[in-house]
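Both ligands and their constituent atoms are indexed starting at 1 by order of listing.
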Amino acid sequence: MQKTALVTGASAGIGEATVKRLLKDGYKVFAAARRLDRMAPLERLGAELIDLDLTDDASIVAAMEKIRAAAGRLDLLVNNAGYGSYGAIEDVPMEEARRQMEVNVFGLARLCQLATPLMRAQRSGTIVNVTSIGGKFGEPFGGWYHATKFAVEGFSDCLRMELRPFGIRVVVIEPGAIRTEWGGIAHQSLVERSGSSAYAPWALRHAAVLSGAESGSFASPPEVVANAIARAAAARRPRIRYGTGGGAKVFLFLAHWLPDRWKDALMWRMSQSRRAD
Ligand SMILES: NC(=O)c1ccc[n+]([C@@H]2O[C@H](COP(=O)([O-])OP(=O)(O)OC[C@H]3O[C@@H](n4cnc5c(N)ncnc54)[C@H](OP(=O)(O)O)[C@@H]3O)[C@@H](O)[C@H]2O)c1
């Protein structure tokens, strides 16, 4: 029987690469995002497109309903969609902080809720939540983004234990620096919010780091993450966490072993390592 997958954030970066990889692996793939035009090439490759806005509950419910009606099953849910809302915590309007949580945490959680009954009926299924190495340490000016990724790490640990009796697996993917649209969006949000506030001298240096991280020599193409997701989905007994691409393994090692004050010092040094652009 053909396996069915839903990939969120499929209009760019890691999601787009994951859809292509899963199609190659023989899945029936539902590709979801707001920009349907950007997903037209995926449709030509055989994916079914879903218009999904994670800030809108009706849109999330309709997406899962479409899959139920068209396929009647869901073997793999890849919760990948997300963005980096940057800015000094003092400068970020609470409305934007809530939106960041809505997309990166509550939208993902809602999809988990809605996928579970389908997977429970099959007594199988895999939920892959894409967090970040930023779910294991913080950096200045990324408070809300890191809060979402820490949240999804903890949420996924709880979900994994709850769903185990039903044969449903929960996997966390922790990418490092990946060449996608993510860095440009994070950079722009930081400059807009803190580029002329009391934090400007430091925020602008950090913004330069954000835009440089993806082009840096240690950044990886999104296919590296897509391959890790496909590997986890295919494994008989997947690992709980996959650190992958763009220096992830080194950062995760340091996040685990460095004393907190050393971590602060390292992250501040990295944050301020470039000239403001
Ligand atoms: N790139 C990195 O260095 C990196 C590192 C660690 C973790 N990650 C994580 O990896 C995931 C994928 O990011 P990426 O690097 O591939 O970034 P990307 O190229 O910017 O893609 C982000 C995707 O999320 C979707 N999205 C954003 N807001 C949405 C909303 N309200 N509703 C539905 N979809 C929405 C976008 O689609 P539409 O705009 O068309 O809706 C887009 O397809 C994210 O969770 C990110 O935090 C990335």
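When the heavy-atom distances from atom 11 (C) of ligand 1 to D37, N80, L36 are ranked, the shortest goes to N80. Of the candidates A17, A81, G184, A12, A81 brings a heavy atom nearest to atom 34 (N) of ligand 1. In this comparison of V130, T131, I178, the heavy atom closest to atom 7 (C) of ligand 1 sits on T131. Comparing heavy-atom distances from atom 22 (C) of ligand 1 across G13, A32, A33, G82 singles out G82 as nearest.
No more than 12 heavy atoms of other residues, nucleotides or ligands lie within 6.0 Å of CD in E95, so this atom counts as exposed by the packing criterion. At most 12 non-hydrogen atoms from other residues, nucleotides or ligands lie less than 6.0 angstrom from CH2 of W262.
Inclusion of P175 in the set of residues having an N or O under 3.5 Å from an N or O of ligand 1 is not warranted. Geometrically, ligand 1 and Y83 share no nitrogen or oxygen pair separated by less than 3.5 Å. Between S132 and ligand 1, no N or O atom pair is found at a separation short of 3.5 Å. Checked against a 3.5 angstrom limit, the closest N/O atoms of K149 and ligand 1 fall inside it. Considering backbone and side-chain atoms alike, R99 places every N or O at 3.5 Å or more from each N or O of ligand 1. The N/O atoms of G9, backbone and side chain alike, include one that comes under 3.5 Å of an N/O atom in ligand 1.
Residue A10 touches ligand 1 through its backbone alone, judged by heavy-atom distances below 4.0 Å. Residue contacts with ligand 1 for A177 involve N, CA, C or O but no side-chain atom from C-beta outward (heavy atoms, distance under 4.0 Å).
Minimum interatomic distance between V209 and M270 (heavy atoms only, all atoms of both residues): CG2-O, 3.4 Å. Nearest heavy-atom pair across A10 and A31 is CB-CB, 3.6 Å. Between K149 and S132, the shortest heavy-atom contact is CG-CB, 4.0 Å. Taking each heavy atom of V19 and A47 in turn, the nearest pair found is CG1-CB, 4.0 Å.
Taking the six-membered ring where the residue is Trp, H206 and Y86 present parallel rings, their angle staying beneath 30° rather than reaching 60°.
The shortest separation from a heavy atom of G176 to ligand 1 is under 4.0 Å, placing the residue in contact. Distances from ligand 1 to the non-hydrogen atoms of D53 include at least one value under 4.0 Å. Heavy-atom distances between N104 and ligand 1 stay at or above 4.0 Å for every pair. By the 4.0 Å heavy-atom criterion, R179 is excluded from the residues contacting ligand 1.
For the residue pair S194 and D91, a side-chain donor N or O sits within less than 3.5 Å of a side-chain acceptor on the partner. With no hydrogens or angles considered, no side-chain donor-acceptor pair links E96 and Q100 at under 3.5 Å.
Every atom of ligand 1 is numbered from 1 in the order shown, and the set under 4.0 Å from a heavy atom of L52 is 32 (N), 33 (C). Residue S11 approaches ligand 1 through these ligand atoms, each under 4.0 Å from one of its heavy atoms: 36 (C), 37 (O), 38 (P), 40 (O), 42 (C), 43 (O).
One distance of note links CG of L6 with CZ of F30; it measures 8.5 Å at 0.5 Å rounding.
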From CA spacing to verdict: side-chain hydrogen bond (donor to acceptor under 3.5 Å, both in side chains), E102, T55: CA-CA 6 Å; E102 204 65 56; T55 64; over 6 Å; no
